[in-house]
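Have a look at the structure below before the remarks.
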Protein chains: 2
Amino acid sequence: MKVLSKPSEYGLRALMFLVTKGEGKGYVNIREMAEELDISFHFLTKILQSLTQAGFLVSSRGPNGGISFARNPQQISLLDVLYVLEGQDFLSKCLLGLPGCGDFAPCPMHNSWAVMRVQLRNLFEHTNLSEVGQSVQLERLRLSP
Amino acid sequence: MKVLSKPSEYGLRALMFLVTKGEGKGYVNIREMAEELDISFHFLTKILQSLTQAGFLVSSRGPNGGISFARNPQQISLLDVLYVLEGQDFLSKCLLGLPGCGDFAPCPMHNSWAVMRVQLRNLFEHTNLSEVGQSVQLERLRLSP
DNA sequence: CAGTATTAAGAGTATTTTATCTTAAATTAA
DNA sequence: TTAATTTAAGATAAAATACTCTTAATACTG
Ligand code: SF4
Ligand code: SF4
């Protein structure tokens, strides 16, 4: 069961990295970041661009440029980020991959699954980047499972 | 968020089909099944072979051959089937796709996610093929989302 | 100004997943 | 025996996803 796509996974890892490594500093260099997280620089760049466009990050070109949070990471929920990286519908799919039959003839799992999706949504909504970033150790961010 | 792979999805659709179409009849022809479900015959065949090898189905070659449940579909849970089609670890992955850090330094979501995984496991465990098969209308099984 | 570093768009490659096709053997009904 | 049908293994193709590379513009620092 795959919850997140690789781009989402990398995006979150980068944001978590930024929480701990970006404290105090101004901008964090993307190239260094890519190296420390063991992610392709160009690939990471694209992901971060979408996060900048979405307003989570601000970027600066030129020497000592890089990215930085546009607002306090305590005020960015994982749900906000995942809506951008996964799309708005990432929590609204049928458990079995069938076309939506739930409204008229729900299978025995439909309602339970709907509840779980809400729970998951709440979990992502009430977890902010700051807290996950602080709780996951840096070394873990560069190891892929 | 993709819960099931295509092979799992197709396998379940085929089993659900077999619940309603297989009543009374002896063996159900795989070729017809593939046509009615709009799934490639060869692809479906491979999936069903693994379900036969796993002991859920019995098959018969020759004229009027096909597949049939080896045991009452009421006694086959979705969990049983998914363990075969998805692998044993399909409900044990990190929400964020990170390597297992939960035991030592769990992030704020780890425990909630663990609970949800158990809930989902229970849901799959306590839902049997017969009930889902009966509740989902046949036309739905041939439409892909 | 010179140099550095991001932004941007997109081409291109690689890998994985999904799907199709081929061939041949085994089994069964009639 | 003959035709129908699954089994089996594997080659191949297509599609989706993941990743890399190229180029050029832009903006900042010193
Ligand atoms: S009723 Fe069941 S099969 Fe249909 S959309 Fe809901 S969860 Fe999926
Ligand atoms: S602690 Fe959080 S990030 Fe780590 S394995 Fe558990 S859910 Fe994943």
Side-chain angles (χ1 to χ4, degrees), chain A residues 1-14 18 22 25-35 37-70 85-87 90 93 97 142 144-145, chain B residues 1-14 18 22 25-70 85-87 90 97 142 144-145:
Chain A
M1 171 178 199
K2 191 176 177 181
V3 181
L4 302 183
S5 67
K6 288 285 173 192
S8 297
E9 194 186 312
Y10 293 171
L12 286 181
R13 277 165 62 192
L18 196 59
K25 295 188 189 177
Y27 294 106
V28 171
N29 185 299
I30 298 182
R31 186 148 249 132
E32 281 177 21
M33 214 164 142
E35 272 165 26
L37 294 174
D38 198 24
I39 299 173
S40 149
F41 167 73
H42 291 96
F43 197 35
L44 184 58
T45 292
K46 286 197 183 178
I47 298 166
L48 294 177
Q49 276 170 15
S50 68
L51 295 175
T52 302
Q53 283 165 0
F56 301 125
L57 302 173
V58 285
S59 65
S60 169
R61 306 180 188 192
N64 303 321
I67 53 167
S68 172
F69 280 111
L85 295 176
E86 291 280 321
F90 90 108
K93 288 172 190 155
R142 53 171 300 125
S144 50
Chain B
M1 172 178 198
K2 191 177 178 180
V3 182
L4 302 183
S5 66
K6 288 285 174 195
S8 297
E9 195 185 312
Y10 294 170
L12 286 180
R13 276 165 62 192
L18 196 58
K25 295 188 189 178
Y27 294 106
V28 171
N29 184 300
I30 298 181
R31 187 148 247 133
E32 280 178 22
M33 213 164 143
E35 272 165 26
E36 294 225 43
L37 294 174
D38 198 25
I39 299 173
S40 148
F41 167 73
H42 292 95
F43 198 35
L44 184 58
T45 292
K46 288 196 182 178
I47 297 166
L48 293 177
Q49 275 169 16
S50 69
L51 295 175
T52 302
Q53 283 164 2
F56 301 124
L57 303 173
V58 285
S59 65
S60 168
R61 305 182 188 189
N64 303 322
I67 54 167
S68 172
F69 278 111
L85 295 175
E86 290 280 321
F90 90 110
R142 55 170 298 126
S144 50

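Every chain is numbered from 1 and lettered A, B, ... according to where its sequence line falls, protein lines coming before strand lines.
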Which heavy atom of A:Met1 sits nearest a heavy atom of B:Met1, and at what distance? CE-CE, 3.2 Å

Those residues at least two apart in sequence (or on a different chain) that pass side-chain hydrogen bond (donor to acceptor under 3.5 Å, both in side chains) with B:Ser59 are none

Set of side chain to side chain contact (heavy atoms under 4.5 Å, CB included) partners for B:Ser40, sequence neighbours left out: B:His42, B:Phe43

Whole Å only: how far is the CG atom of A:Asn29 from the C1' atom of C:dT4? 10 Å

Find the distance A:Gln49:CD to D:dA25:C1' and express it as a whole number of Å. 13 Å

Please name the residue in the list A:Ile39, A:Leu37, A:Leu4 that meets the side-chain contact (heavy atoms from CB on, under 4.5 Å) test with A:Tyr10. A:Ile39

Grab the CD-C1' distance between A:Glu9 and D:dA18 for me, whole Å please. 12 Å

Without decimals, in angstroms, what is the distance between A:Arg31 CZ and D:dC21 C1'? 11 Å

DNA chain D nearest-nucleotide lookup for B:Gln53 and A:Ile39: closer to the 5′ end is B:Gln53

Take atom NZ of B:Lys6 and atom C1' of D:dT17, then tell me their distance rounded to the nearest Å. 14 Å

Any base atoms under 4.0 Å from B:Ile30, or only sugar-phosphate, or nothing? Heavy atoms, all strands. sugar-phosphate

Going 5' to 3' along nucleotides 21-30 of chain C, which nucleotides have protein heavy atoms under 4.0 Å from the base (write B), which only from the sugar-phosphate (write S), and which from neither (write -)? BB---BBBSS

Distance-only check: which donor-acceptor pairs under 3.5 Å involve side-chain atoms of residues 44-53 of chain B, not counting sequence neighbours?
from    : atom 1 : to      : atom 2 : distance (Å)
B:Thr45 : OG1    : B:Phe41 : O      : 2.8
B:Ser50 : OG     : B:Ile47 : O      : 2.6
B:Thr52 : OG1    : B:Leu48 : O      : 2.9

Length of the line joining B:Glu35:CD and C:dA19:P, which is rounded to integer Å: 17 Å

Within the pair A:Lys2 and C:dT16, is there a side-chain N or O less than 4.0 Å away from OP1 or OP2? no

Nearest whole angstrom, please: distance from the C1' of D:dC19 to the OH of A:Tyr10. 8 Å

Just the rounded figure in Å: distance from P of D:dT7 to CD1 of B:Ile47. 14 Å

Counting only side-chain heavy atoms from C-beta out, which of D:dA18, C:dT6, C:dT18 sits nearest to A:Ser59? C:dT6

Using side chain to side chain contact (heavy atoms under 4.5 Å, CB included) as the criterion, list what pairs up with B:Ala70, not counting sequence neighbours. B:Val58

Taking side chain to side chain contact (heavy atoms under 4.5 Å, CB included) as the test, write out the residues that go with B:Asn29, two or more places apart. B:Arg31, B:Glu32

Does A:Tyr27 reach a base, just sugar-phosphate, or nothing at all? Heavy atoms under 4.0 Å. nothing

